[in-house]
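Notes to accompany the following structure.
No hydrogens, no waters, no symmetry mates; every other heavy atom, side chains included, goes into these values. Every value quoted in this text rests on a predicted model; they were computed, and no experiment measured them.
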Amino acid sequence: MQNGRLISLFRHGVRFGTRGRLSGMRSLVLALGTLFICLSAVAAIIAIDAAQTTVSRSATMRPVDGTGSDASTYYEFAGFDSIDGRPVTVIMIAPDQGPASVLPPGLSQWPAPGHAAVSAELARLLTGRYEGRFGPVDSVLTAGGTETTTELRVYLRPSAEHSPQDVGMSPIAGFGGPGAAESGYGAGFLYAAPLYMVLMLIAVGVALPGAAAVVIAVLTVSSSARRRGAVLTSLGATRGESALIGSGESAVPIAAGVALGAIVTAAGGVFGLRLEQFHSFYPASQFRQNWGALVLALLGAGLLAGLVAVAAREVGRRYRSRELVVAGEGIPLARAAIAPPVILVVIWTTANSQSSQYRTLAFVVGCTVFALLLPSLVAVVLHGIGSLLGSAGTRYGSPAALVGGRGLQRYPGRTARVSAGIGLTVILLGMAQLFASMLGGTYYVSEQALEEYGTSQVTARSDPAAPGVAAFIAAESDPAVAVWTLDRYSGNDFLPSQLVMTCDAAQALDLTCGDQVQTTQPGDALRRLIDEAATEDVEIVISDELPPSPSDQSDTVLTLISRDGGDLDVDHLNKDAYEFIPGGLQLASPYAGSMATGTVQQAWKGWTTLIAALATCVIVIAISGMLLRDASDTNQQLLPITAATGASAWLTPLALIRTTIPVVAASLLGTLGYWMLPMGITPSASLSEYLAYFQPSPTFAMLAIALPSAISVLFALSTAAAQRRDLRSRQLHE
């Protein structure tokens, strides 16, 4: 009997959830919020699995040192090349004991001498100008042969004319397991986003907006629903019974959200997840391998959404949802006036501090203070707009402007507290995007230098006596001249660096070939060579005996300098280098290392922008529903007057005034704070290589304004149309 009564209460809740003027909006927001909670749980499972897979694969791919009888394979890390700005892990391998030699993970057979084996992602890119970059490709690595599914990796085997010992390869006993080297990480591991950052982004950008949408949806109830709740309470409904009815009201939308999450997850199990612009790929096989954890995550997320909905309903039942957003009628001018000085102080403090930690702390504190002041700013703006609209409505006889304007003017605090949630969302998600875009000053200095100088100089660390180096330099002597930089040291002390070049190279750098070389007024190319040396004291050595023979205590850097000062074709040079030199040279602009980091960071920045935009949409839809509740109640009260006069056209502008204006005002102010607060730590002319900088996203800023505006307009028009239908229905019945 007791069970039947509980089921009956739950069924009543389900019926109540489908009734009322705002039931459709409420169900939509509940379903979207639940979907976001489900997607956050699925994304967390995927992120953890991807991170663990990267670590485990990297561990199995690191070489194990071997000598004597233990050695079975020759191995040498050649460096990082670049394809489309993305880093490529380049490794040389060769067998030592014939068939008994251990192959790297992902390979089933050795490449032929002079040939290569590449990852699947790299094979996809080796077309057009990159075709043949690493020579003939014999095979493609399997999934276990890369640290991540999108890693660009190539294994090169020296040609038959070069023995492994000649090209400096070291013997190893195998790959992975005890004794694996602590180094030997590839680009997939080194450039992967830290797991804690990914989980924080999921929590802030997906789970939190989803939970907020569920809470707002539960609090967005019509006046009839509020009266029904009051009646149930007066009839003696207990807290448990009220919670059971509330769970029934939210059950169908929450189940729909879980179902949508399951459909998205199932689609991933069929098609995988690939976003080319973000260099992200999670294969369908990985989805299927983790199906048990994913199902549990979906069920747990649905249960969490239900608990959040029941808790929010209990809060609304106790305090009434209107009271959650009511503010005094006074205009908070004093608090609003603090916001502009806060922005100026943050900009000045961050711009003049030389400590990255202090700059970041000042920025976070400033954002927090601005977020707390945002409702007051929105209230002042809405009060001003309401005054103008009210005056215009009185002067020109516009009911919509008069009623809507007076509503904004009389209750700006109540509307501001609701609509300011959009601005707070923009600031919170904007901060996530800014921290995701944070790069060191070295990147921006390199970006400026690359824009100014292009690829007129390219460099690579190399042994001057390595096989093929001299032949390569001779082959490329038409477009470029070669200069060797020897950074010498003795113990812990640096000796003056040396720039060693032929007479031909010296003449290309506007130097004479005499005994005394003058460098008092070096040209741009020579100035850059001197600046990039390890010491301020630089000796210029002109000698036709190249390459030089450096001592054991020196590092050598090869620089190719364009004869005419124009850009060198780096891709063509690197392709030729792989033909002449085992393992190639990985030539690049002196600034390319930092630029590769920036390319990977841009993909991470793109992810945060996409997630922030989607989360903003969910919050805007939820808050628009709450604002529409007030507009709907107002319009409902005025329907008898509208029916008596026969004029209903003003219902649409009234809905727009009560909904769109607050949403647009809040999103504009939130975006303004997002754009202005980091102005002191954005890249500028005065860059420091030792500080970190933020880069606001114009795309996110535009979306943060355009999406709320479009959604609020759409919902306002929909509500006005529904009320006109109610009006026509009332007139027909009369």
Side-chain angles (χ1 to χ4, degrees), residues 204 208 212 323-353 355-390 405 407-435 612 616 619-620 623 626-627 661-682 684 693-694 696-697 700-701 704-705 708-709:
V204 173
L208 187 59
E323 295 176 8
L324 290 174
V325 294
V326 168
E329 295 184 5
I331 309 304
L333 285 173
R335 291 196 299 273
I338 300 174
V342 166
I343 294 177
L344 294 176
V345 168
V346 171
I347 294 174
W348 184 88
T349 302
T350 53
N352 289 278
S353 173
S355 168
S356 287
Q357 292 80 4
Y358 183 73
R359 283 154 54 101
T360 303
L361 177 63
F363 171 71
V364 172
V365 171
C367 286
T368 303
V369 174
F370 181 81
L372 294 174
L373 296 174
L374 187 59
S376 300
L377 270 176
V378 176
V380 170
V381 171
L382 292 182
H383 182 270
I385 294 174
S387 299
L388 294 176
L389 288 174
L408 294 178
Q409 184 180 6
R410 186 177 179 186
Y411 301 110
R414 183 177 71 188
T415 305
R417 285 179 181 269
V418 177
S419 57
I422 298 173
L424 294 174
T425 301
V426 172
I427 292 175
L428 178 62
L429 297 176
M431 287 180 65
Q433 184 275 322
L434 288 171
F435 276 99
T616 301
I619 295 298
V620 168
I623 290 179
M626 182 168 277
L627 292 173
I661 288 179
V663 168
V664 172
S667 60
L668 279 172
L669 290 171
T671 304
L672 184 67
Y674 158 76
W675 195 264
M676 294 189 66
L677 284 166
M679 287 180 66
I681 44 180
T682 53
S684 60
Y693 295 88
F694 291 159
S697 169
F700 176 70
I705 298 173
S709 303

Handout entry: Working for side chain to side chain contact (heavy atoms under 4.5 Å, CB included), residues Thr350 and Thr360
Key = CA-CA 8 Å; Thr350 53; Thr360 303; over 6 Å; no

Problem - Side chain to side chain, Ile661 and Leu389, heavy atoms closer than 4.5 Å - result: yes

Practice task
Report yes if the side chains of Met431 and Val204 come closer than 4.5 Å at any heavy-atom pair, otherwise no.
Solution key: no

Problem - Heavy-atom pair with the smallest gap, counting every atom of Leu377 and Ala336 - result: CD2-O, 3.7 Å

Problem - Student check: side-chain heavy atoms of Leu374 and Ile427 closer than 4.5 Å - result: yes

Problem - Atom pair OH (Tyr674) and OG (Ser697), whose distance is rounded to the nearest 0.5 Å - result: 5.0 Å

Practice task
Identify the heavy atoms of Gly366 and Val342 that sit nearest to each other, and give their distance.
Solution key: O-CG1, 4.0 Å

Exercise for the section: Taking all non-hydrogen atoms of both residues into account, name the closest pair between Ser709 and Val664 and its distance. Expected result: OG-CG2, 3.3 Å

Practice task
Check the pair Thr671 / Phe700 against side chain to side chain contact (heavy atoms under 4.5 Å, CB included), numbers first and verdict last.
Solution key: CA-CA 9 Å; Thr671 304; Phe700 176 70; over 6 Å; no

Completion exercise
When rounded to the nearest 0.5 Å, the distance separating CE of Met679 from CZ of Phe363 is 12.5 Å

Practice task
For side chain to side chain contact (heavy atoms under 4.5 Å, CB included), just list the numbers for Leu668 and Leu672, CA-CA rounded to whole Å, side-chain angles, deciding distance to a tenth of an Å, and then say yes or no.
Solution key: CA-CA 6 Å; Leu668 279 172; Leu672 184 67; over 6 Å; no

Completion exercise
Closest non-hydrogen atoms of Ser376 and Arg335, given as atom of the first, atom of the second and distance, are OG-NE, 3.0 Å

Exercise for the section: Check step by step if side chain to side chain contact (heavy atoms under 4.5 Å, CB included) holds for Val381 and Leu669. Expected result: CA-CA 10 Å; Val381 171; Leu669 290 171; 4.1 Å; yes

Practice task
Please round to the nearest 0.5 Å and tell me the distance separating atom OG of Ser667 and atom CD1 of Ile619.
Solution key: 13.5 Å

Practice task
Can you see which heavy atom on Ile347 is nearest to which on Leu677, and at what distance?
Solution key: CG1-O, 4.3 Å

Exercise for the section: Locate the shortest heavy-atom distance separating Ala362 from Thr349; write the atom from each residue and the value. Expected result: CB-CG2, 3.9 Å

